[in-house]
Structures are given as C-alpha cells and as structure tokens.
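Taking it in order: structure first as structure tokens, then the write-up.
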Amino acid sequence: MEKEIILSVKDLCVEYQADRGAVHAVSGVSFDIHKGEFFGLAGESGCGKSTIAFSIMRLLKGAASITGGEINFRGKNVLMFGKEELRVFRWEKSSMVLQSAMNNLNPVVTIGSQLMDAILAHEAVSREEATKRAEKLLALVNIDSKRLKAYPHELSGGMRQRVVIAMALALKPDLVIFDEPTTALDVVVQYNIIRRIIQLKNEMGFAILFITHDLPLMLQMCDRIAIMYAGKMVEAAPVEELMKQPAHPYTSGLLQSFPSLLGPKVRLKGIEGSVPDLITPPPGCLFADRCFARKEDCRKKVPEFEKIGEGHYCACLHKLRG
Ligand SMILES: Nc1ncnc2c1ncn2[C@@H]1O[C@H](COP(=O)(O)OP(=O)(O)OP(=O)(O)O)[C@@H](O)[C@H]1O
Ligand SMILES: [Mg+2]
C-alpha cells in the first residue's frame, strides 16, 4: 500500500527582488514526502534548496516572494494558513534545524529553560511535567539531564546542535526539515549526530527533508533523493536507483565528483562551468552549457520533469536511461 503523503510541493516558484531584477531562485519545483520517509534534497550552492525549506515553513523574508504553486501539508495548503494555523504548523506539525542554529540559542537562558519554553508555549502542561519532558528530550540526543542547567556557552558546538535537534523534536512533529544541520561540525561529530537522527526517525516516525550539498552523506542515509540545478528539480529517485542508474547527466556528473570510500581509486571528473544567471536564465535546459550529453535541441526546448520509473522522475531531453 502507498504510504500517506505528508508534504506535497506542487509547481513552487519563488523569486527574490534584486537590484538587477528578479532572481528566479525556485522555478516550478514539485515533490512529495511520505510519512516517515527520509527525503534528501541535493544540488550545488545557490540552486534553491534553502529557499524551498524556508518556503515550506513560511519563513521567507523581505525581498522574497512565492510567485506560484502550492505547498500541501496533509492536504492543506500551507500558503493559505492564517496566523494560528501557522503557529501550530511551525512547531507541532513541522520544525526546522538550520546549519547555524546552535548559534541561535539564547546565550543568557539555560538550555533547560529554552526546551521548557518550547513545550509550554504549545502545550497546557505543568512546569514539572515540562521539566520531565525536557530531561527526556536531552536524553534522546544523548545529553545528560544534569546539563539542563547549563548555558549554551558551556556546551560544545556538537552538543548545542543536538540541543537544537531536541528542541525541534519537542512537540513530536510529523516532518523535520534539516538544512545543512552538521556542516559546521567535524566529521566524527557529524556522523554521530546523523546516526542519532536516523535512530530517532525510526523510533518516532517523523518524516525528514534533509538538505545538503554533501551527496555521499546523503546516499548513505536517505530513502529517496531529489537533485536540483539552478532552481529546478532535474531528477528524483530512490537512492539505490539513483546511484546505479542516474538518468540526468548532471546527476551522473555529481556522482562522479565525489571520491568513493570503498571503491577503486578513479580520477574524479567534476563538472566544468558554472550555474547560469538566474535573473535572465537562458532558454531551453539550464544545464545545457555544461552537459556532456547535450544535443542541438537542448538550448531550445525546456525538458519536462517526467516519470521514468517507480518513484523515478527526470527532466532531460536526452536521458542516460529510460
Ligand atoms: N535575499 C536574497 N536576495 C537575492 N537573491 C537571493 C537571496 N537569497 C538567496 N538568493 C539567491 O537565490 C538562489 C537560491 O539560494 P538558496 O539560498 O536557496 O540556495 P541553496 O541551494 O540553499 O545554496 P547553499 O547550498 O549555498 O546553501 C541563489 O542564486 C541566491 O543567490
Ligand atoms: Mg542553503
């Protein structure tokens, strides 16, 4: 049986107003995340990953505007939510952990109080009950409950980031968005945190939207991955299939840009060139200039993001398979 769809993003378009004109940061992106699924969003810097995350949480600021599309959470369009619906949605239904979140903890309030405040703001429980919950939350991320009285500066960066993760889980959301949650940490700490996130997901059953440009990390832990390029989604597939049979030349290039830990030593290829200007994007496929499989029509015709297999979608006129 198909698993319930928690989040469905349809044809999302987001622009930033800049001095030179509108930056088309996200152009017609669609994807679904199922209950309990670990969904990864990858792509090089500036391709629109964070813009999607902030759009889902309705946290885009200032110069940004959503110019089209829908974001449905359990069938309700988040973009139409009023103040109260948004308040409930933001912590109780979904939450977000950012790369620099550990630096956003309030420096003059103990982590215990910050955890309790998150609980008390949303649930009618006693302070005693909230303290117990805060202790349990810290235990979830392997931090001793004695640390409830600690101030953020008394904890290491990895511990502070784990506190933020605990906070994101405080109200048992159905969806947790992680935007580069461990990029600022060393690899051992990063590995431990990710392992814990996976364990917690399995225990608590929330779905994850995980954003990173670290594709190898993503391949190890996600159920399904979507690859973005210049504000568009170019491929989405279950991890195994994406690794073995990438259909988009950009995905194939990305997979060959990272060293394999266990496989034979091979010369890494990388992808030459750079992302097109998103204010006046060229016609046709945005990847055409850098593509090894490019043909004449690629600079004229925009490829559709179409289904090529079970859970496998690709936007390319000359796919490597399917
Ligand atoms: N406030 C802003 N004003 C103008 N352009 C912006 C603004 N914020 C982001 N952009 C542009 O929107 C595009 C998408 O940015 P976004 O931050 O979503 O990318 P990203 O994929 O998260 O990148 P990274 O991996 O570096 O975090 C980029 O081209 C960026 O320059
Ligand atoms: Mg980002």
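Atoms within a ligand are numbered from 1 in the order they appear, just like the ligands themselves.
Proximity of C47 to ligand 1 is established by a heavy-atom distance of less than 4.0 Å.
Under the side chain to side chain contact (heavy atoms under 4.5 Å, CB included) test applied with L86, the options R90, E84, K83 reduce to a single match, R90. In summary, of the residues considered (V9, V29, L12), a side chain to side chain contact (heavy atoms under 4.5 Å, CB included) with M233 occurs for V29 alone.
Taking a distance limit of 4.0 Å, we find that atom 31 (O) of ligand 1 is approached by no protein heavy atom. Contact annotation for atom 6 (C) of ligand 1: protein present (non-hydrogen atoms, distance under 4.0 Å).
Between the Mg ion (ligand 2) and T51 there is no N/O/S contact shorter than 2.8 Å.
Under the 3.5 Å distance criterion, with hydrogens and angles disregarded, no donor-acceptor pair is assigned to the side chains of Y191 and Q220. A donor and an acceptor atom, one from each side chain of T51 and Y16, are located under 3.5 Å apart.
Put simply, the side chain of R196 gets close to the backbone of L140: a donor and an acceptor are under 3.5 Å apart.
For atom 4 (C) of ligand 1, the nearest protein heavy atom (residue, atom name, distance) is Y16 CB, 3.4 Å. Here the protein heavy atom with the shortest distance to atom 25 (O) of ligand 1 is K49 NZ, 2.8 Å. In terms of protein heavy atoms, atom 14 (C) of ligand 1 is closest to G46 O, 3.4 Å.
Contacts between A63 and ligand 1, counted as non-hydrogen atom pairs separated by less than 4.0 Å, are absent for every part of the residue. The proximity of I211 to ligand 1, defined as any non-hydrogen pair under 4.0 Å, does not occur for either the backbone or the side chain. Contact annotation: for S50 versus ligand 1, heavy atoms closer than 4.0 Å belong to both the backbone and the side chain.
Under the rule for a ring-ring contact (aromatic ring centres under 6.0 Å, His included), F54 has no partner lying at least two apart in sequence or in another chain. For F39, the ring-ring contact (aromatic ring centres under 6.0 Å, His included) partners two or more places apart in sequence, or in a different chain, are F31.
For a threshold of 3.5 Å applied to N or O pairs, the pair formed by A18 and ligand 1 contains no separation below that value.
When the heavy atoms of A53, S45, A230 are ranked by distance to atom 24 (P) of ligand 1, first place goes to S45. Ranked by closest heavy atom to atom 15 (O) of ligand 1, the top entry among T51, T212, L278 is T51.
Ion pairing between E85 and R58 fails under the 4.0 Å rule for side-chain N and carboxylate O.
In terms of hydrophobic clustering, with Ile, Leu, Val, Met, Phe, Trp and Tyr side chains grouped at heavy-atom distances under 4.5 Å, V97 and M218 are assigned to a common cluster.
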